[in-house]
Amino acid sequence: MNCPNCGKEFTGNFCPNCGTVVNIQNQPPYQFQQPNMVNNKTNGMAIGGFVLSCVSILMCGGIASIIGLILSIVGLSQIGKNDEKGKGLAIAGIIISSILFVFGIIFTIALIVTGGIME
């Protein structure tokens with residue numbers, strides 16, 4: 001018997017080539033559809049970490065950069081486990097937050113050394 005869908009020869013009620021089920025009683029063939037298993041969800045932690053890292057640019061670092069760094073790292077970890085989108089956002093959040101965090105530490109040390117905080 002030839003499959004009415006792909007034309008390949010097969011035996012039984014099921015075409016192993018294309019997945020078409022053929023009923024012997026001449027009913028129209030039914031083809032199994034593969035479920036869409038692609039996860040189109042963007043990770044919320046990655047989004048939050050990126051947004052906080054961008055906000056910390058306006059605030060010149062501070063606590064927002066630390067929280068943004070933590071959220072971005074957690075988001076990147078979750079993306080790998082859950083097969084979600086947002087890897088670029090998480091990486092950008094980590095980079096921006098790290099740079100601002102280091103800049104904040106250097107700026108604070110410079111103020112302490114020069115006595116800028118004491119006055």
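Computed over heavy atoms, backbone and side chain alike; hydrogens, waters and symmetry mates excluded.
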Side chains of Lys87 and Leu76 in contact at under 4.5 Å (non-hydrogen atoms): yes
Could you tell me whether a side-chain N or O of Asn43 sits under 3.5 Å from a main-chain N or O of Met45, the two making a donor and an acceptor? yes
Hey, could you give me the CD1/CD1 distance between Ile99 and Ile94, rounded to the nearest 0.5 Å? 12.0 Å
Would you say Val102 and Ile66 are hydrophobically clustered, going by side-chain heavy atoms of ILVMFWY under 4.5 Å? no
Is there a path from Ile67 to Phe101 through hydrophobic residues (I, L, V, M, F, W, Y) whose side chains come within less than 4.5 Å of each other? yes
What one should report as the nearest heavy-atom pair of Ser65 and Ser97 is O-CB, 3.3 Å
Rounded to the nearest 0.5 angstrom, the CG-OG distance for Leu69 and Ser53 is 9.5 Å
If two hydrophobic side chains count as joined below 4.5 Å and joins carry through other members, does Ile105 share a cluster with Leu52? yes
Starting at CD of Gln78, measure out to CD1 of Ile73 and round the result to the nearest 0.5 Å. 12.5 Å
When hydrophobic residues are tied together by side-chain contacts of less than 4.5 Å, even through go-betweens, does Leu58 share a cluster with Phe103? no
If Ile, Leu, Val, Met, Phe, Trp and Tyr residues are connected whenever their side-chain heavy atoms lie under 4.5 Å apart, and connections chain through other members, are Ile95 and Ile57 in the same group? no
Kindly compute the distance separating CD1 (Ile79) from CD1 (Ile91), expressed to the nearest 0.5 Å. 8.0 Å
